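All values below come from the heavy atoms of this structure, side chains included, with hydrogens, waters and symmetry mates left out. So you know, we letter chains A, B, ... as the sequences are listed, proteins then strands, and number each from 1. Because the structure is a prediction, the values reported are computed rather than measured.
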Amino acid sequence: MNIRCFPRKFSSALPPLVPLQLPSPMETHLWYILPNEVKSVALLNQYSELLSPCERENVNRMGGDQLKKRALLARALVRTTIARYQTNCQMNPRSLKFRKNIYGKPEIGIDVEGKQRKIKNDIIAFAQRYFSPCEVKLLTAISDSEIQRQEFIKLWTLKEAYVKALGKGFSAVPFKTFTIRFKASTIRCFHLPGNSVSEASEVIVESSDDPKNLPNNWQFALLEVAASHYVAICTEKDKIVGGEANRPMKLTVRKTIPFVEDVCVSGTDAVLVLGGIIEQ
Amino acid sequence: MASLTGASLNFTSLSSSFRRTQLPLRGISNVKSVSFPSLRMQPGFRVSCMAKPETVDKVCEIVRKQLALPDGSSLTGESKFAELGADSLDTVEIVMGLEEEFGISVEEDSAQSISTVQDAADLIEMLKEKNNA
């Protein structure tokens, strides 16, 4: 039985968020919001009410209305998303407190970049400066400059996601010290009938110091979302005792406008799998 | 052009507090920032020489170009990259632009410690002096 309790009085103008079960271990839920779809000033004000005074101050420091709006939506998205996953008690997103913890190990990393994003520096010069020799070679081999730019951005998001998942920061794991690449999947996948499993190329990471010896603990998803952005997700692999088989990454993707609508977009055109063994 | 905001922890600020604790162990990056009008004291504080105005101007120019800031938008030494809308890729691109412009080489941990125009300019002066020494 679900007991709903209200630690604080809800703002009467907002309907409660639809509560959800926590993802089971090794299941990943991705939520996103499209700022262009949020136009109501009243709604934006309500989101603002959810933030702590400190967060509101940070939002106001952003230069320009678009940046303020994005910052506001980002914090509102974090608060409302986490608030949904309280199974016994309807949590008011306003009552969440966030603390920065330097010892926190996330075990999941995510990065998002716009597909159309222009790179100001020369891509190969940039790659030579920051990426691994293997990755430079791969990018150099692409003759079409537009495809090269896209592959560069995909690689950037994957590398960022990996470093974030490790939780040690950019300088502890310099980009040059590891290679991320695609390889055709040769592993057997177990999947439930009825669920779609995408078998695009597997994405793997190799340490430059120790290319083959370290067990590969990490799995990746590379997605094109809303036809406009590349999203890379990196999570720890489910360790299966004794088996050679790897399970696909179980992923559910939802588009949301908090308090207005939630749409599960997994398996639709809104989510294109570009890399990784994913079960949606 | 659509823009998308994903739910994730704000890793830029997370790594920034992690970084500040790390700084005393890193030697050359252990610098204390001196800026007008008052001394800025931060945990694991940084010491640097005050950057020349021309350096700050040049940094502003590079930042403006990288972030495609509208003409006439205000940009000073105190401007924070994150507040100008820079993400991690922008910051790395800016650092690369600074390396090329000033003929310096910025290490990853120093690159991570730059959050304002002034930080960048101070770091440039320090690295230039190192080069000249």
Side-chain angles (χ1 to χ4, degrees), chain A residues 29-37 58 61-64 66-67 70-71 73-75 77-78 81-82 98 100-104 106 108-114 116-121 125-126 129-130 153 156 160 163-164 167-172 174-176 225-229 231 256, chain B residues 1-23 26 29 43 62-70 73-75 78-100 105-113:
Chain A
H29 288 187
L30 171 67
W31 294 78
Y32 69 92
I33 188 170
L34 296 176
N36 290 351
E37 291 186 353
N58 288 340
R61 277 206 282 264
M62 299 297 287
Q66 281 312 305
L67 291 179
R70 261 172 37 186
L73 291 177
R75 291 316 295 173
L77 180 64
V78 172
T81 303
I82 293 176
F98 290 93
K100 289 177 190 169
N101 182 357
I102 60 171
Y103 302 108
I108 181 165
I110 183 171
D111 197 55
V112 183
E113 292 293 346
Q116 298 305 322
R117 191 200 178 111
K118 296 288 174 258
I119 308 300
K120 303 294 191 298
N121 290 286
F126 187 104
R129 175 72 181 81
Y130 291 106
I153 296 176
W156 174 271
E160 278 275 296
V163 170
K164 287 174 181 179
K168 291 188 216 147
F170 187 63
S171 63
F175 274 19
K176 249 194 209 300
V225 175
S228 59
H229 286 75
V231 177
T256 179
Chain B
M1 181 171 97
S3 71
L4 179 153
T5 308
S8 73
L9 297 173
N10 185 343
F11 283 99
T12 314
S13 8
L14 200 87
S15 62
S16 128
S17 43
F18 181 73
R19 199 176 56 231
R20 294 252 149 87
T21 317
Q22 284 277 295
L23 275 175
R26 289 282 187 178
S29 308
I62 289 172
V63 170
R64 260 188 209 286
K65 199 173 132 212
Q66 176 63 37
L67 303 180
L69 298 176
S73 65
S74 136
L75 188 58
E78 293 304 301
S79 300
K80 281 194 173 157
F81 295 143
E83 290 166 8
L84 297 168
D87 63 10
S88 56
L89 181 49
D90 287 310
T91 307
V92 176
E93 285 222 78
I94 288 169
V95 168
M96 190 162 164
L98 298 176
E99 286 184 327
E100 287 180 352
S105 178
V106 180
E107 316 218 338
E108 256 93 5
D109 48 353
S110 307
Q112 259 200 293
S113 70

How long is the straight-line distance from [atom2] of [Y] back to [atom1] of [X], given to the nearest 0.5 Å?
{"X": "B:M96", "Y": "A:R129", "atom1": "CE", "atom2": "CZ", "value": "8.0 Å"}
{"X": "B:I62", "Y": "A:K120", "atom1": "CD1", "atom2": "NZ", "value": "13.0 Å"}
{"X": "A:F126", "Y": "B:L89", "atom1": "CZ", "atom2": "CG", "value": "5.5 Å"}
{"X": "B:E83", "Y": "A:L67", "atom1": "CD", "atom2": "CG", "value": "10.0 Å"}

- Query: chain A heavy atoms under 4.5 Å from B:K80: which part of the residue, side chain, backbone, both or neither?
  - Reply: neither
- Task: Below 4.5 Å from any heavy atom of chain A, which atoms of B:D87 appear? Answer side chain, backbone, both or neither.
- Result: side chain
Using non-hydrogen atoms only, which part of [X] is less than 4.5 Å away from chain B: side chain, backbone, both, or neither?
{"X": "A:E160", "result": "side chain"}
{"X": "A:A125", "result": "both"}
{"X": "A:K176", "result": "neither"}
{"X": "A:I119", "result": "both"}

- May I have the step-by-step check of side-chain contact (heavy atoms from CB on, under 4.5 Å) for B:V92 and A:F175, ending in yes or no? CA-CA 11 Å; B:V92 176; A:F175 274 19; over 6 Å; no
- Item | B:S105: side chain to side chain donor-acceptor pair (under 3.5 Å) partners, not counting sequence neighbours | none
- Task: Not counting sequence neighbours, which residues clear side chain to side chain donor-acceptor pair (under 3.5 Å) with B:R64? List them please.
- Result: B:S73
- Heavy-atom pair count under 4.5 Å with chain B, highest-scoring of A:E113, A:K118, A:M62, A:H29: A:M62
